[in-house]
Amino acid sequence: MSKLFDITGNVTVITGGTGVLGRTIAKYLALEGAKVIILGRKEDVGRSIAEDICAAGGSCEFMKTDVMDPAVVRKNCEDILERYGRIDTLLNAAGGNMPGATIPPDKTFFDLQVDQFQTVLNLNLTGTVIPTQVFLEPMVRQGKGAIINFSSMAAFRPMTRVAGYAAAKAGISNFTAFMATECAKKFGEGIRVNAIAPGFFITEQNRTLLTNPDGTYTQRGQDVIRQTPFGRMGDPEELCGTIHYLMSDASRFVTGTVAVVDGGFNAFAM
């Protein structure tokens, strides 16, 4: 029997795992046999998610972190290695946006708040670089590992409003390609770096942007649906298969790619 997709015992670290997408992915991977460690800032939420996953039969624990603080992330890494002995997969799902880094229809570029723009760049891009630098080290020592970053539809085309977020996500796609080459050339083919680019999924971050209080779509939400050939938003569970593939041996000749999961959004022209 083929074991290409077998992730039993895979020690998987997920940053930003307390969000809608992160917690769904964490539960799926744990129930597929991975040993999941969720890193996040919301301790009560994170512990509740881990308890729920364990009650369902998976292996999961939560550790509080700050992806912008190398010392904190390094301590997380040391604690994980002490407990599990290795780290097989890093999923960089931490990120977010801020009102001041966006330009709504009633404002212009001159209203952009540069400090919040910088914060969004740091959270999404630097908040991916720091965990990658820390968790890559044990992967290099063990000669094998998979890093999966979170890009976005905003990385492919300059969408309105999300100036800071889009710039950061474009940087993540570029960083993914850079690191894929860097790792393969200097550490061998056992280290793979890829990214996933979700289409539009309803999360706590974008709920009020895409939906009204009664659940109907806002104008922005309607624009997304018109641009999506499937004619709907994605379900968080629909990201799990692609991530499973990218962390498993089924993708052992795949590195430097951005896997799109978007219902056709990025392919649609008019």
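By the 4.5 Å heavy-atom criterion applied to side chains, H244 and F5 are counted as neighbours. The closest side-chain heavy-atom distance from V261 to P198 is not below 4.5 Å. Taking the side chain as every heavy atom from C-beta outward, I80 and M63 approach each other to under 4.5 Å. Looking only at side-chain heavy atoms (C-beta outward), T15 and T65 stay at 4.5 Å or farther from each other. Contact annotation: the side chain of K3 never approaches that of D249 to less than 4.5 Å [non-hydrogen atoms, C-beta and beyond]. Counting heavy atoms from C-beta on, the side chains of Y84 and V13 never come closer than 4.5 Å. At a threshold of 4.5 Å between non-hydrogen side-chain atoms, the residues D69 and V73 do not count as touching. When side chains are defined from C-beta on, I53 does not count as touching R23, because their heavy atoms never get closer than 4.5 Å.
Counting only distance, with no hydrogens or angles, the side chain of D6 and the backbone of T8 share a donor-acceptor pair below 3.5 Å. Checking side-chain atoms of N194 against main-chain N and O of V258 turns up no donor-acceptor pair under 3.5 Å. For T218 (side chain) and L209 (main-chain N/O), a donor-acceptor pair under 3.5 Å exists by modelled atom type. Side-chain atoms of T24 come within 3.5 Å of backbone N or O of V20 as a donor-acceptor pair. Panel note: side chain R157, backbone N266; a donor-acceptor pair is recorded below 3.5 Å. Listed for the Q116 side chain is a donor-acceptor partner under 3.5 Å among the backbone atoms of G100. At least one donor-acceptor pair under 3.5 Å links the side chain of N76 to the backbone N or O of K64. With R192 contributing its side chain and V254 its backbone, the two residues share a donor-acceptor pair below 3.5 Å.
Heavy-atom neighbours of F230 CZ from other residues, nucleotides or ligands within 6.0 Å: at or below the threshold of 12. The number of heavy-atom neighbours closer than 6.0 Å to CZ of R232, taken from other residues, nucleotides and ligands shown, is above 12. Sparse packing is recorded around CD of E82, with 12 or fewer heavy atoms of other residues, nucleotides or ligands lying under 6.0 Å away. Dense packing is recorded around CD of E78, with more than 12 heavy atoms of other residues, nucleotides or ligands lying under 6.0 Å away. Taking a 6.0 Å sphere around CG of D115, one finds it holds more than 12 heavy atoms contributed by other residues, nucleotides or ligands.
Side-chain atoms of N92 and T132 form a donor-acceptor pair, as typed in the model, at a separation below 3.5 Å. Side chains of T128 and N149: a donor-acceptor N/O pair is absent below 3.5 angstrom, by distance only.
Hydrophobic cluster membership differs between V193 and I243, with clusters built from Ile, Leu, Val, Met, Phe, Trp and Tyr side chains linked at under 4.5 angstrom. One hydrophobic cluster holds both M233 and V260 under the rule that ILVMFWY side chains link at heavy-atom gaps under 4.5 Å. Under the 4.5 Å side-chain heavy-atom criterion for Ile, Leu, Val, Met, Phe, Trp and Tyr, I196 and F201 are members of the same hydrophobic cluster. Hydrophobic clustering (side-chain heavy atoms under 4.5 Å, transitive across Ile, Leu, Val, Met, Phe, Trp, Tyr) keeps F200 apart from F150. Cluster annotation: M139 and F187 are assigned to the same hydrophobic cluster (Ile/Leu/Val/Met/Phe/Trp/Tyr, side-chain heavy-atom contacts under 4.5 Å, transitive).
Considering OG1 of T89 and CG of L29, their distance stands at 8.0 Å, rounded to 0.5 Å. For the atom pair R161 CZ and N97 CG, the distance stands at 11.5 Å (nearest 0.5 Å). Between C60 atom SG and I38 atom CD1 the span is 3.5 Å, to the nearest 0.5 Å. The line from OG1 of T126 to CE of M68 is 4.5 Å long, rounded to the nearest 0.5 Å. How far CZ of R252 is from CD of E189: 9.5 Å, rounded to the nearest 0.5 Å. For the atom pair OH of Y217 and CG of D223, the computed distance is 12.5 Å after rounding to the nearest 0.5 Å.
Salt bridge annotation for D79-K75: present, with a cationic side-chain nitrogen under 4.0 angstrom from a carboxylate oxygen.
Nearest heavy atoms, A26 versus V36: O-CG2, 3.8 Å. Shortest non-hydrogen contact noted between M98 and V120 is N-CG2, 3.6 Å. What you find for E43 and F62 is that their closest heavy atoms are CA-CE2, 3.5 Å. Listed here is the closest heavy atom pair of F265 and Q227: CE1-CG, 2.9 Å. A pairwise comparison of heavy atoms in A259 and T242 identifies CB-CG2, 3.7 Å as the closest pair. Heavy-atom minimum distance, C77 versus V134: CB-CG1, 3.6 Å.
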Practice item. Output, in order, the C-alpha distance, side-chain angles, deciding distance and verdict of side-chain contact (heavy atoms from CB on, under 4.5 Å) for T102 and K107. Key: CA-CA 9 Å; T102 66; K107 294 186 178 180; over 6 Å; no
Practice item. Might you work through the side-chain contact (heavy atoms from CB on, under 4.5 Å) test for K169 and I172, ending with a clear yes or no? Key: CA-CA 5 Å; K169 291 300 185 179; I172 286 175; 4.0 Å; yes
Practice item. Decide side-chain contact (heavy atoms from CB on, under 4.5 Å) for T160 and R220; before the verdict, give the C-alpha distance in whole Å, the side-chain angles of both, and the deciding distance to 0.1 Å. Key: CA-CA 10 Å; T160 58; R220 180 79 162 186; 2.6 Å; yes
Check your understanding: Yes or no on side-chain contact (heavy atoms from CB on, under 4.5 Å) for I225 and Q222, after CA distance, side-chain angles and deciding distance?
Key -> CA-CA 5 Å; I225 295 299; Q222 293 174 37; 5.7 Å; no
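Applying the side-chain hydrogen bond (donor to acceptor under 3.5 Å, both in side chains) criterion to D214, with sequence neighbours excluded, gives T216. Considering only residues two or more places apart in sequence or on other chains, Y245 meets the ring-ring contact (aromatic ring centres under 6.0 Å, His included) condition with none of them.
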